[in-house]
Amino acid sequence: MLTGMRKWQTRKLVTIDGEQRYTDWENVEPLEGTFSGTWKLSYYSPEGENGEKRNCLFLNAQYEGANSGHMAYSNIATFDYADETTFRFEGFYFKDKDGWITFLRGEAEPGF
């Protein structure tokens, strides 16, 4: 089971008294909210890649509540590594300089 919270915000550039300034942050609807779905790891061979197989992470989740039915995530990413403390896969939105996303387990309880 995949569950989480996604938050998207934006600011507008406006001119006030001849000076350009950014407005306060505003939420972007319907791109935010809680979501649930599924994830799985698989050995996959994408079309057109000479039959080269790779470990993949499949994510598929939809928003709950007011945004119910809107897709939150649907993605296939190359999976690299996981153990008790580390989870690493190919970046698709935000990524490290080397192109991977690395999550490290911390001591704090999740909260939002």
Side-chain angles (χ1 to χ4, degrees):
M1 177 64 112
L2 168 66
T3 60
M5 179 180 188
R6 184 171 173 178
K7 188 164 191 97
W8 287 77
Q9 294 187 316
T10 188
R11 298 189 319 173
K12 295 175 185 156
L13 186 60
V14 297
T15 303
I16 301 174
D17 297 328
E19 200 174 315
Q20 287 195 321
R21 298 179 185 185
Y22 284 99
T23 62
D24 291 336
W25 288 101
E26 298 177 26
N27 295 340
V28 177
E29 299 285 345
L31 299 176
E32 68 167 17
T34 57
F35 59 83
S36 66
T38 58
W39 68 272
K40 68 179 181 174
L41 296 176
S42 182
Y43 198 54
Y44 177 70
S45 178
E47 289 184 37
E49 293 195 20
N50 301 326
E52 180 183 332
K53 293 187 183 261
R54 60 183 178 164
N55 293 319
C56 288
L57 171 66
F58 292 84
L59 303 172
N60 188 355
Q62 292 191 342
Y63 288 110
E64 300 171 338
N67 294 325
S68 182
H70 287 95
M71 183 65 63
Y73 290 99
S74 183
N75 192 57
I76 302 172
T78 300
F79 168 76
D80 183 48
Y81 177 78
D83 65 15
E84 304 83 30
T85 62
T86 306
F87 178 52
R88 181 175 149 114
F89 61 96
E90 179 184 44
F92 46 93
Y93 290 115
F94 304 105
K95 52 188 162 190
D96 297 333
K97 291 178 185 175
D98 63 1
W100 297 93
I101 295 175
T102 304
F103 292 98
L104 300 174
R105 185 180 305 272
E107 298 296 323
E109 290 292 322
F112 22 77

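Throughout, numbering of the chain's residues begins at 1 and tracks the sequence. Bear in mind that the values here come from a model prediction, so they are computed numbers and not experimental data. Heavy-atom basis, side chains included; hydrogens, waters and symmetry copies ignored.
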Side chain to side chain, [X] and [Y], heavy atoms closer than 4.5 Å:
| X | Y | answer |
| --- | --- | --- |
| L13 | Y22 | yes |
| F79 | F58 | no |
| T86 | T102 | yes |

Scanning both residues in full, the closest heavy-atom pair of A77 with F89 reads CB-CD1, 4.0 Å
Between R11 and T23 the two heavy atoms that sit nearest each other are CD-O, 3.3 Å
| said: Is there a path of hydrophobic side-chain contacts, each under 4.5 Å between heavy atoms of I/L/V/M/F/W/Y residues, joining W39 to F35? | reply: yes
Checklist line | In one Ile/Leu/Val/Met/Phe/Trp/Tyr side-chain cluster, 4.5 Å: L41, I101 | finding: yes
Atom pair [atom1]/[atom2] of [X] and [Y] - distance to nearest 0.5 Å:
| X | Y | atom1 | atom2 | result |
| --- | --- | --- | --- | --- |
| K12 | W25 | NZ | CH2 | 13.0 Å |
| N27 | Q9 | CG | CD | 5.0 Å |
| K40 | I76 | NZ | CD1 | 9.0 Å |
| E19 | R21 | CD | CZ | 4.5 Å |

Compute whether any side-chain donor of one residue and acceptor of the other, for T85 and D83, lie under 3.5 angstrom apart.
yes
Q. When you measure from the side chain of T78 to the backbone N and O of E90, does any donor-acceptor pair fall under 3.5 Å?
A. no
